[in-house]
Amino acid sequence: MTVTRFAPSPTGLLHAGNLRTAVLNWLVARKQGGRFILRIDDTDPERSEERFVDAIRRDLEWLGLTWDAEHRQSERLDLYHDAAGRLRDAGRLYDCYETAAELDLRRKVQLSRHLPPVYDRAALKLSDADRARLQAEGRAAHWRFLLQHAPIEWNDLIRGDERVDPASLSDPVLIREDGQILYTLASVVDDAEMGVTHVIRGADHVTNTGTQIQIFSALGAEPPAFGHHSLLTGPGGEALSKRLGSLSVAALREAGVEPVALVSFLARLGSSAPVEVVSDMQAVIDGFDISSFGASPTRFDPDELTAHSSKTLRGMPFEYVRDRLEGIGIPKEISADIWSTIGPNLDRLEDAGEWWSICRDGAQPVVAPEDEGFVADALAILPPRPWDEGTWKVWTDAVKAKTGRKGRGLFLPLRRVLTGRDRGPEMAALMPLLAPPRLTGGPAGGTEDA
Ligand code: GLU
């Protein structure tokens with residue numbers, strides 16, 4: 001069975017970049033009828049925060065990215081220590097006593113001699129007496145994984161044939177001197193133990209994958225299939241990192257982006273298939289194909305997302321928004337009419353609430369000073385209620401005949417006096433739903449029954 005996972009570190013909010021990883025893993029699992037695991041990578045107690053765990057859950061729930069199991073690395077430390085013991089027994093994990101400052105100095109010397117700044121494995125030569133002396137100095141060991149110096153190759157689900165040469169890498173530290181287990185080991189132990197079959201993550205993890213494949217083998221486990229998606233850039237190709245605050249999932253939700261639009265956008269961005277407007281997640285799953293993704297950097301344009309979200313919203317069948325319309329106070333009896341009239345014009349579903357209050361209470365009319373006389377004349381012949389779909393034409397024809405105005409000069413002031421806005425739904429369809437304007441001795445001087 002296909003098993004994927006999303007493994008965020010709870011050190012910040014989800015944003016468009018790391019959400020993309022979640023979306024792709026979720027889709028790989030759902031497409032295959034498999035399982036999707038949420039794994040909270042919280043082995044770093046200093047940087048992990050509970051509020052971010054809550055925010056991650058809330059974001060995924062809002063998006064409908066359901067998960068079948070949830071694990072926390074901080075509750076699985078015994079497993080990692082056990083695996084470390086096995087690596088140690090196999091001679092693949094060795095203790096090192098250099099301080100960060102010493103390592104830094106060594107790197108600088110290597111660089112000045114034009115050598116690659118790779119750990120020189122000095123600790124492998126330590127005798128028991130050396131160790132005893134270093135420990136007596138008060139030094140605690142950190143532990144490195146002994147890489148085998150043969151190229152590591154895999155067929156990447158996105159990048160194709162991929163190769164990492166461990167000879168150019170430092171042996172990775174798996175346990176810090178304070179005993180903290182690092183992600184590189186914990187992730188392998190979890191992926192093996194949870195039966196993860198596919199790992200989709202950012203291209204910044206390609207080197208990790210090389211070393212982790214060796215850790216899988218050293219632990220006697222089969223590595224999963226790996227796919228590394230390209231990193232997102234801004235619309236001009238610039239690094240996205242500076243703008244991530246405004247691109248947090250929470251900020252996008254606040255801005256009224258439709259959840260299914262965000263998922264369907266990320267499900268296609270960077271693939272050879274175009275972004276498509278769909279109304280439900282099943283359609284996103286059906287249209288998903290990981291092999292259509294490419295390795296080149298992917299541009300993410302927030303304006304394109306906003307436009308895609310508006311299109312998605314406008315295309316939503318009423319059944320998909322019924323509950324949400326009720327949730328913002330639109331009565332059941334009228335919500336279908338409201339939707340068919342104002343839906344095709346909305347950018348954000350929340351704006352339906354404002355249109356509903358205009359319909360219910362009438363708008364605060366807007367009348368430009370130069371239109372005051374014209375609007376008063378028009379309101380004087382506003383047909384009596386009830387209004388129907390033909391009322392707008394009857395009225396505007398009559399106003400045209402009476403005033404000689406036409407086009408924008410005719411329609412815009414009338415739209416403004418009835419809705420208080422320059423733009424909005426088709427007036428013919430809106431009028432039957434609309435309360436008369438709130439004319440309380442305002443500039444147009446009309447009355448409610450005008
Ligand atoms: N916690 C890691 C990260 O956020 C997970 C990487 C992975 O998917 O293996 O980068």
Side-chain angles (χ1 to χ4, degrees), residues 2-29 34-50 52-53 55-57 59-60 65 67 69-77 79-80 83 145 152 154 156-159 162 164 172-176 180-216 219 221-232 239-241 244 247-249 266 290 293:
T2 299
V3 181
T4 66
R5 51 37 168 210
F6 175 50
S9 307
T11 55
L13 294 173
L14 290 188
H15 51 71
N18 49 22
L19 178 63
R20 184 164 177 236
T21 305
V23 166
L24 298 183
N25 282 288
W26 186 84
L27 286 168
V28 167
R35 280 163 53 77
F36 175 68
I37 296 171
L38 173 60
R39 187 183 87 200
I40 304 293
D41 282 6
D42 58 351
T43 49
D44 182 345
E46 264 149 49
R47 295 182 60 230
S48 301
E49 290 185 46
E50 202 54 32
F52 292 130
V53 177
I56 289 165
R57 282 207 203 98
D59 290 344
L60 296 179
L65 300 175
W67 57 100
E70 180 174 339
H71 299 282
R72 281 189 174 227
Q73 290 197 323
S74 58
E75 292 167 359
R76 300 169 56 83
L77 298 176
L79 284 171
Y80 312 141
F145 178 70
I152 305 159
W154 71 94
D156 196 278
L157 296 167
I158 294 172
R159 297 161 67 93
E162 194 56 77
V164 167
V173 175
L174 299 190
I175 307 177
R176 291 202 324 197
Q180 188 183 314
I181 300 276
L182 293 181
Y183 150 80
T184 311
L185 173 62
S187 184
V188 170
V189 172
D190 286 342
D191 287 338
E193 201 265 340
M194 294 172 196
V196 169
T197 59
H198 296 71
V199 171
I200 313 295
R201 55 189 180 185
D204 50 333
H205 281 292
V206 168
T207 307
N208 276 342
T209 295
T211 59
Q212 287 183 327
I213 285 175
Q214 281 204 4
I215 301 174
F216 276 102
L219 290 171
E222 188 68 30
F226 288 96
H228 296 86
H229 58 73
S230 58
L231 298 183
L232 294 184
L240 202 58
S241 48
L244 286 179
L247 294 176
S248 70
V249 174
L266 293 178
I290 189 72
F293 281 76

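On a predicted model such as this, the values are computed, not experimentally measured, just so you know. Ligands are counted one by one from 1 in listed order, and the atoms in each one are counted from 1 as well.
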Counterpart residues, ring pair (Phe, Tyr, Trp, His ring centres under 6.0 Å), relative to His198 (two or more places apart): none
Parallel, tilted or perpendicular: ring planes of Phe216 versus Phe226, cut at 30 and 60 degrees: perpendicular
Distance in Å, Asn18 CG paired with Leu247 CG, rounded so as to fall on 0.5 Å steps: 11.0 Å
By ring pair (Phe, Tyr, Trp, His ring centres under 6.0 Å) - contacts of Phe52 (at least two apart): none
Arg39: partners by salt bridge (Lys or Arg N to Asp or Glu O under 4.0 Å), with sequence neighbours left out: Asp41, Asp190, Asp191
For a distance cut-off of 3.5 Å, show me each N or O of ligand 1 paired with any protein N or O, plus the separation.
| residue | atom | partner | partner atom | Å |
| --- | --- | --- | --- | --- |
| ligand 1 | 1 (N) | Ala7 | O | 2.7 |
| ligand 1 | 1 (N) | Ser9 | OG | 3.1 |
| ligand 1 | 1 (N) | Asp41 | OD2 | 2.7 |
| ligand 1 | 8 (O) | Arg5 | NH1 | 2.5 |
| ligand 1 | 9 (O) | Arg5 | NH1 | 3.3 |
| ligand 1 | 9 (O) | Arg5 | NH2 | 2.9 |
| ligand 1 | 9 (O) | Tyr183 | OH | 2.6 |
| ligand 1 | 9 (O) | Arg201 | NH1 | 2.7 |
| ligand 1 | 10 (O) | His205 | NE2 | 3.0 |

Gap between atom NE2 of His229 and atom CG of Leu231 - 0.5 Å precision: 7.5 Å
